[in-house]
Amino acid sequence: VDWKRERFTLDEGFSRAVRQAFKKLYEDGLIYRDKYIINWCPNDLTALSDLEVEHEEEEGYLWYIKYPLVDGSGYITVATTRPETMLGDTAVAVNPSDERYKHLINKKVKLPLVDYIRKSLDGQEVGWEIPIIADERVKPEFGTGAVKVTPAHDFNDFEIGKGHNLPSVCVMDEQARMNENAGKLEGLDRYEARKLIVEELQHLGLLEKVEKHTHAVGKCYRCKTVLEPMVMTQWFVKVSDDRIKKKAYQVVQNNQIEFVPESWKKIYLQWIENLKDWCISRQIWWGHRIPVWYCQDCGHINVFTDEDFDRVYDKLIFNLLADGKIAQEFTPEEVAHILNSPSFVHPEMTVLEFYKKFAFHRYDSTEVDAHSLRLFFTQDLNPMAILTQKSSRYRYNKETKKYTFVLRCKKCSSENLKQESDVLDTWFSSALWPFGVFGWPENTKDLKSLYPTDLLVTGFDIIFFWVARMVMMGTYFMEEIPFKDVYIHALIRDEKGQKMSKTKGNVIDPLNIIEKYGADALRFTLAILTQQGRDIKLSERRFEGYKHFANKLWNAARFILLNLDDDLLSNLPYVAPPRPEDLWILTLLNETIKEVNQALQEYNYSKACQALYDFIWSEFCDWYIEMAKHRLYAKVDPSLPEEEQRRQEQEIKKERICVQSNLLYVFERTLRLLHPFMPYITEELWLSLPTAHGESVSLMEYPQHNPGEVFSEQKQKVEKLKAIITAIRALRSDLKIEPSKKIKLFYRGEKDLVNEMSHHIMLLAKVSSLEEVEEKPQGTVAGFSGDFEFYIPVSEGINVEELINSYQKRLKDVLADLEKFERKLSSEGFLKKAPPEEVQKTQEIYNELLTEKEKIQNIINILTQAR
RNA sequence: AGGCGCGUAGCUCAGUUGGGAGAGCGUCGCCCUUACAAGGCGAAGGUCGGCGGUUCGAGUCCGCCCGUGCCUACCA
């Protein structure tokens with residue numbers, strides 16, 4: 001992380017960028033203020049954007065209410081889930097093609113319970129006779145096919161109301177209590193009012209029936225209060241405008257921006273297609289205050305940014321004022337104090353320095369420093385000077401000894417301005433992040449060289465909130481995409497798959513995990529689990545295994561370092577030729593390097609981790625280190641003549657250097673490879689290596705695949721050896737021979753391999769002597785791996801039945817496989833249509849299985865006879 | 001209501017373009033073998049949700065169904 005560039009959305013420079021963006025959008029007609037129906041939280045007393053609404057299915061009722069026709073010819077029944085809003089009805093709507101109601105269109109109904117004049121939002125008087133209108137949006141099949149229209153409290157009705165010029169009657173106050181339009185119900189909570197209205201309707205015989213009904217209810221994401229749609233004056237960004245929408249769509253459509261995994265592309269595009277204007281004003285305290293000043297005299301809406309002022313000091317003071325750091329009336333001392341105090345985000349610099357660095361590049365020629373600041377306040381802000389300059393920005397109050405920063409209406413020059421009290425949706429500033437952090441609107445060096453970035457890593461839950469809006473604002477203000485790739489990582493859920501949240505209290509605290517398992521285990525666990533794309537069910541246990549992995553690595557390092565000769569590096573050219581296992585591990589290392597690099601290229605962190613885990617634990621530790629011991633622990637035979645001993649010592653030394661350097665070489669590359677996933681332990685171990693010379697592993701080149709270090713012949717040889725050793729171990733285990741007990745072993749086949757690597761078999765399978773035979777010796781039990789057959793002498797009392805069972809199970813598996821392959825190979829279609837190499841491969845496997853079958857059967861026969 | 005995703009070993013999940021079902025944890029057995037008991041070695045455990053289709057061949061592709069999770073939505 002580049003901490004030098006750390007930024008905060010509410011820091012001095014960023015706030016300035018927010019004002020600048022607001023002003024530009026406003027002047028371009030892309031921000032507007034309008035009376036519109038919005039989601040209102042009656043508890044938090046603020047508007048919410050559509051995205052902040054959480055829909056929840058709820059059991060409710062559908063009430064069927066009779067509205068009498070004014071001409072006395074009967075009534076029309078409407079169905080509603082919210083009877084309390086009927087007091088705000090201004091029409092009843094039916095579908096124009098609905099034969100049942102065609103004759104009623106344009107007639108009037110008497111709104112029940114209302115016998116008083118209501119006031120619409122724009123001040124009209126509205127009576128109790130309301131029209132029956134026709135609208136396509138009404139679905140004849142739902143309810144009665146007739147719907148009450150409440151433009152002030154329903155999104156759909158609001159649209160219908162607009163289309164038919166209906167008045168909007170709001171029946172609730174901001175806390176969702178019934179207001180004066182509710183007549184005698186005024187002051188009641190909306191749910192109490194609902195109850196009373198239903199009772200009253202029933203009493204009047206106007207309630208036709210009630211049905212149970214489940215429907216989605218919009219709730220506040222913060223407090224879960226059921227939201228009330230309200231018509232209010234709010235600020236909106238016109239994201240539906242082609243200047244924003246089109247570009248944001250195109251750049252993803254044509255893959256200038258790519259989502260990983262790709263499936264999110266479709267989801268993004270669908271959302272953009274259905275964009276509705278974005279309500280950005282919030283009636284809360286925390287946030288960027290909307291930079292709008294209403295003229296109380298002429299009504300003009302003034303948007304100010306520091307561009308409206310000429311001198312750098314004016315700009316500074318305006319920003320301090322707009323950021324709420326000083327009041328409109330202030331003293332020079334306050335300003336000086338703020339400018340000279342440490343910046344919040346970068347305490348190593350003062351606020352003034354922060355401004356210079358992140359906000360006022362353009363004015364670098366102007367010397368803004370403490371000295372000139374003092375001059376400014378003593379000269380420019382000299383009370384006398386101010387008094388003589390009519391147009392001055394400042395006014396001095398002799399009594400309070402404070403200065404006032406004067407804002408004037410751009411239209412009528414009135415000073416009677418009032419700032420908008422609403423703040424901006426937090427995502428408005430976040431949308432500016434990719435360029436705001438680099439000093440925009442100034443065309444800084446950072447902005448030029450670091451925008452756009454390569455990669456954004458984020459969670460799917462904020463694709464719309466954040467990613468989409470960064471794309472919109474980036475393409476609009478910068479005329480270029482903000483980032484190339486968007487990696488959507490998994491969302492971590494708790495053990496039961498529930499989303500973690502502070503309110504639910506099911507959060508796993510990373511600090512706690514670090515304390516218990518280590519930062520590397522935490523990081524590695526998350527990286528290896530992140531494959532699943534959409535969500536991770538995380539339980540604390542998961543960290544334990546990877547803590548063990550870190551421990552394993554640590555111990556491997558201990559082994560290597562403990563067995564390193566001090567003079568290794570100086571002896572390095574002096575080595576014995578590499579053994580097959582040296583070339584084998586190099587080959588596997590390179591395969592791992594290839595796989596990790598490729599996985600990282602594809603953002604497949606899990607695959608990279610998995611490859612590293614397997615290589616380090618299952619190959620390097622389990623096999624290579626074990627095989628290395630043979631050469632590391634070799635000792636001179638004291639029974640030899642002295643001369644011979646000296647010669648042997650030389651030989652051993654050479655072999656030691658060979659294996660040590662190879663251990664070091666492989667481990668060193670492994671550490672580099674693992675470093676991004678386990679930074680702390682790898683750095684610690686790296687620095688302890690003699691090759692490190694005190695330089696951080698993070699500065700080393702990341703390992704790249706080296707074709708010169710791939711040896712397939714040796715790889716195959718060692719893999720065969722491993723299989724042989726494993727087979728011997730398995731039979732030992734079946735024979736209940738203690739792991740530490742050394743055994744005599746007879747064998748047949750694979751003579752060359754045994755000649756070259758018998759010492760490994762002896763060491764790793766605990767064999768005391770290895771003797772080639774023509775056929776199975778008496779008193780032994782046979783086992784095999786491929787062409788290698790071996791015979792372990794058995795003492796009395798081994799459980800033959802168990803052994804037979806074990807082989808019989810193996811036989812069963814082989815027979816099942818054989819049958820499958822037989823069927824395949826006898827199928828004409830397969831032989832004719834499958835690719836020849838596939839047929840050949842199948843034939844080979846079949847032959848192997850056949851041999852295996854015979855061998856097992858043979859062993860079983862012998863065991864059965866011995867029974 | 002639409003859209004997206006997921007159902008593979010007891011649990012959590014891998015499984016690249018279709019070609020002999022895998023890992024980790026857990027379980028069981030044997031071991032304190034000079035890096036590591038936070039370990040070693042070995043083993044058991046699966047009609048890959050169900051049905052049908054395409055194909056010589058399906059965990060993998062297509063359709064339907066069941067279960068499950070999420071997102072979006074103005075069905076009053």
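Fair warning: this is a prediction, and the values are worked out from it, not measured in the lab.
- OP1 and OP2 of B/G29 both lie 4.0 Å or more from every side-chain N or O belonging to A/K736.
- Residue-level contact check: A/L849 touches the bases, meaning some heavy atom is under 4.0 Å from a base atom.
- Between A/I536 and A/R493 the shortest side-chain heavy-atom distance does not fall below 4.5 Å.
- A donor-acceptor contact under 3.5 Å links the side chain of A/K552 to the base of B/C36.
- Ring geometry for A/F524 against A/Y546 counts as tilted: the plane angle lies between 30° and 60°, on a 0 to 90° scale.
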Here RNA chain B, pairs taken as Watson-Crick or G-U under 3.5 Å and shown with ( ), [ ] when crossing and | when to another strand, reads (((((((..((((.....[..)))).(((((.......))))).....(((((..]....))))))))))))....
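- Between the side chains of A/E52 and A/N39, not a single donor N or O lies within less than 3.5 Å of an accepting N or O.
- Among the heavy atoms of the strands, none lies under 4.0 Å from A/L561.
- For the atom pair OG1 of A/T144 and NZ of A/K66, the computed distance is 12.5 Å after rounding to the nearest 0.5 Å.
- A/D622 comes within 4.0 angstrom of sugar-phosphate atoms only, judged by non-hydrogen atoms across all strands, and of no base.
- Looking only at atom types and distance, the side chain of A/N662 has a donor-acceptor partner in the side chain of A/Y624 under 3.5 Å away.
- Nearest-nucleotide positions on RNA chain B for A/N274 and A/V147 put A/N274 closer to the 5' end.
- Annotation: proximity of residues 79-88 of chain A to RNA chain B (heavy atom, distance under 4.0 Å) is found for A/A79, A/T80, A/T81, numbered in ascending order.
- Atom name P, nucleotides B/G2 and B/C48: the rounded distance is 31 Å, in whole Å.
- Taking the salt bridge (charged side-chain N to carboxylate O under 4.0 Å, His left out) definition, one finds that A/R100 meets it with A/D98, sequence neighbours left out.
- Rounded to an integer number of Å, the gap from A/W264 CH2 to B/G3 C1' is 12 Å.
- In terms of the ring pair (Phe, Tyr, Trp, His ring centres under 6.0 Å) criterion, A/W40 has no residue partners (sequence neighbours excluded).
- If you take CD on A/E262 and CD1 on A/I267, they are separated by 12.0 Å, rounding to the nearest 0.5 Å.
- Annotation: B/A9 and B/U27 have their C1' atoms spaced 12 Å apart (nearest Å).
- Remark: the A/E626 side chain and the A/H760 side chain contain no N/O donor-acceptor pair separated by less than 3.5 Å.
- Spacing between B/G59 and B/G52 at atom P, rounded to whole Å, works out to 14 Å.
- Every side-chain contact (heavy atoms from CB on, under 4.5 Å) that A/Q598 has, sequence neighbours left out, goes to A/E602.
- If you check every strand for non-hydrogen atoms under 4.0 Å, A/T150 touches nothing.
- The stretch residues 822-844 of chain A touches RNA chain B through A/K824, A/S827, A/G829, A/F830, A/K833, A/A834, A/P835, A/E838, each having a heavy atom under 4.0 angstrom from the strand.
- Heavy atoms of A/E819 sit nowhere under 4.0 angstrom from any nucleic acid atom.
- Checked against B/A35, B/A76, B/G20, the side chain of A/D154 finds its nearest nucleotide in B/A76.
- The cationic atom of A/K265 (NZ for Lys, CZ for Arg) does not lie both less than 6.0 Å from the six-membered ring centre of A/F259 and within 45° of the ring axis.
- For A/H213 and B/A76, the shortest distance from a side-chain N or O to OP1 or OP2 is below 4.0 Å.
- One P atom belongs to B/C61, the other to B/U8, and the distance between them is 16 Å to the nearest Å.
- For a distance-only test at 3.5 Å, the side chain of A/Q270 fails to qualify as a donor-acceptor partner of the base of B/A73.
- Between A/I37 atom CD1 and B/A76 atom C1' there is a gap of 13 Å when expressed in whole angstrom units.
- When rounded to the nearest whole Å, the span between NZ of A/K139 and P of B/C75 equals 8 Å.
- Residue contacts for A/A216: at a heavy-atom cut-off of 4.0 Å it reaches a base atom on one of the strands shown.
- Judged as a side-chain contact (heavy atoms from CB on, under 4.5 Å), and not counting sequence neighbours, the contacts of A/E136 are A/N95, A/P96.
- In this entry the distance linking CG of A/D734 with C1' of B/C31 reads 16 Å, nearest Å.
- For A/I845, the listed nucleotide lying nearest its side chain is B/G20; candidates were B/A43, B/G45, B/G20.
- Side-chain N or O atoms of A/T682 include one that pairs as donor or acceptor with a backbone N or O of A/M678 at under 3.5 Å.
- Look at the P atom in both B/G57 and B/C25: the space between them is 39 Å, to the nearest Å.
- Taking 4.0 Å as the cut-off between side-chain N and carboxylate O, A/E540 and A/K516 count as a salt-bridged pair.
- Nucleotides B/C13 and B/C70 have their P atoms positioned 14 Å apart, rounded to a whole Å.
- Nearest nucleotide to the side chain of A/R558, out of B/A35, B/A44, B/U16: B/A35.
- Listed candidates were B/C31, B/A35, B/A73. Nearest to the side chain of A/H55 is B/A73.
- Atoms CG and CD, on A/L62 and A/E211 in that order, are 6.0 Å from each other to the nearest 0.5 Å.
- The separation of B/G53 from B/C11, taken at their P atoms, amounts to 31 Å, rounded to a whole angstrom.
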Listed pairs under 3.5 Å, donor-acceptor, residues 548-561 of chain A side chains, sequence neighbours left out:
unit_1, atom_1, unit_2, atom_2, d
A/N555, ND2, A/N551, O, 3.1

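- For the P atom pair drawn from B/G63 and B/U68, the interatomic distance equals 22 Å after rounding to whole Å.
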Output one line per pair: protein atom, nucleotide atom from nucleotides 32-34 of chain B, and distance, for all N/O pairs under 3.5 Å.
none

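- Contact check on A/E838 versus A/K833 returns no salt bridge, with no Lys/Arg side-chain nitrogen under 4.0 Å from an Asp/Glu carboxylate oxygen.
- In this entry the distance linking CD of A/E802 with P of B/A43 reads 14 Å, nearest Å.
- Under the rule for a salt bridge (charged side-chain N to carboxylate O under 4.0 Å, His left out), the partners of A/E828 that lie at least two apart in sequence or sit in another chain are A/K832.
- In this structure, the CG atom of A/L269 is 16 Å from the P atom of B/U72, given to the nearest Å.
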Identify each atom pair where a protein N or O and an N or O of nucleotides 21-26 of chain B are less than 3.5 Å apart, giving names and distance.
unit_1, atom_1, unit_2, atom_2, d
B/A21, OP1, A/K820, NZ, 2.8

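- Interatomic distance, A/Q660 CD to A/L564 CG, rounded to the nearest 0.5 Å: 5.0 Å.
- Rounded to an integer number of Å, the gap from CD of A/E852 to C1' of B/G20 is 12 Å.
- Between the P atom of B/A35 and the CD atom of A/Q660 lies a distance of 14 Å, rounded to the nearest Å.
- Applying the 4.0 Å criterion to OP1 and OP2 of B/C74, one finds that A/K276 has a side-chain N or O inside that range.
- A/D89 is linked by a salt bridge (charged side-chain N to carboxylate O under 4.0 Å, His left out) to A/K148, counting only residues two or more places apart in sequence or in another chain.
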